[in-house]
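Each ligand, and each atom within it, is numbered from 1 in the order the structure gives.
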Amino acid sequence: MIIAIDGPAASGKGTLARRLADHFDFAYLDTGKLYRAVGLGVLRLGGDPEDEDAAGDVARNLQPSQLDDDELKSDAAASAASKVAAIETVRAALLDFQKSLAANPPGGKKGAILDGRDIGTVVCPDADVKLFVTASVEVRAERRHKELLQRGETSIYERVLEDLKERDARDSARAVAPLKPAEDATMVDTSAMDADQAFEAALKIASPVVAEKLR
Ligand code: C5P
């Protein structure tokens with residue numbers, strides 16, 4: 001049982017995916033972390049995230065321990081992630097790990113939830129449920145801005161808005177696995193929803209499918 005959740009940055013898909021995974025007791029993989037870890041790895045080696053050879057090397061040698069790093073949440077990691085994510089060899093190196101976790105969820109779980117940009121289109125095209133979670137770029141920027149302030153970081157709304165627009169453009173325009181809804185995905189626009197309402201909306205879509213599949 002696989003639930004694929006895609007959408008742009010700060011759409012609320014991560015929070016939603018985690019809550020659904022708790023609710024159904026499924027495994028959860030935030031695939032953005034993989035790209036962030038590659039981006040950060042390249043930066044730490046003093047390399048350029050747009051350098052195919054450097055990014056490909058880091059992706060092929062990625063270790064699970066690199067996914068537990070507070071720096072992954074930083075804007076620098078996010079921006080580097082969206083650069084390495086446009087490189088085909090990087091995506092290829094990360095694909096097997098994602099596919100095998102979806103096919104064999106760890107801990108004996110009966111299902112897996114993956115969130116990212118290309119889960120419904122490339123990683124798990126046969127997923128049982130596909131959600132595409134969106135919100136207007138202004139709402140997403142406001143959410144990200146508040147989150148940064150809550151974490152005690154300095155943040156300027158206009159700057160966050162520009163960063164998100166840049167990342168959206170890079171993720172949507174790239175040639176390999178661009179950010180786009182799968183043809184059979186259900187759209188969930190969270191612009192006017194809080195986290196609880198988004199969760200309820202997603203449950204309505206996923207619950208009947210999960211009940212039928214695990215019957
Ligand atoms: O979701 P998150 O903001 O952590 O993702 C960071 C970056 O990683 C995205 O901007 C995107 O470029 C890339 N990414 C991707 N495919 C995924 C997940 C993330 O290209 N499945």
Q: Would you please name every residue forming a side-chain contact (heavy atoms from CB on, under 4.5 Å) with V123, sequence neighbours left out?
A: L95, Q98, K99, L114, D118, I119
Q: Taking side-chain contact (heavy atoms from CB on, under 4.5 Å) as the test, write out the residues that go with A169, two or more places apart.
A: none
Q | R140 with D168: basic N within carboxylate O range, under 4.0 Å | A |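 Answer for the salt bridge query: yes.
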Q: Keeping the roles fixed (side chain from D6, backbone from G120), state whether a donor-acceptor pair exists under 3.5 Å.
A: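 Yes, D6 side chain to G120 backbone: donor-acceptor pair under 3.5 Å.
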Q. Listed by chain and number, what are the salt bridge (Lys or Arg N to Asp or Glu O under 4.0 Å) partners of K110, not counting sequence neighbours?
A.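 K110: no salt bridge (Lys or Arg N to Asp or Glu O under 4.0 Å) contacts found.
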Q: Please list, by chain and number, the protein residues whose heavy atoms come under 4.0 Å of ligand 1.
A: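 Within 4.0 Å of ligand 1, protein side: K13, T31, G32, Y35, R36, A81, S82, A85, R91, G116, R117, D118, R167, D171, R174.
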Q) Between L148 and Y157, is any pair of side-chain heavy atoms under 4.5 Å apart? A)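 Side-chain contact under 4.5 Å: no.
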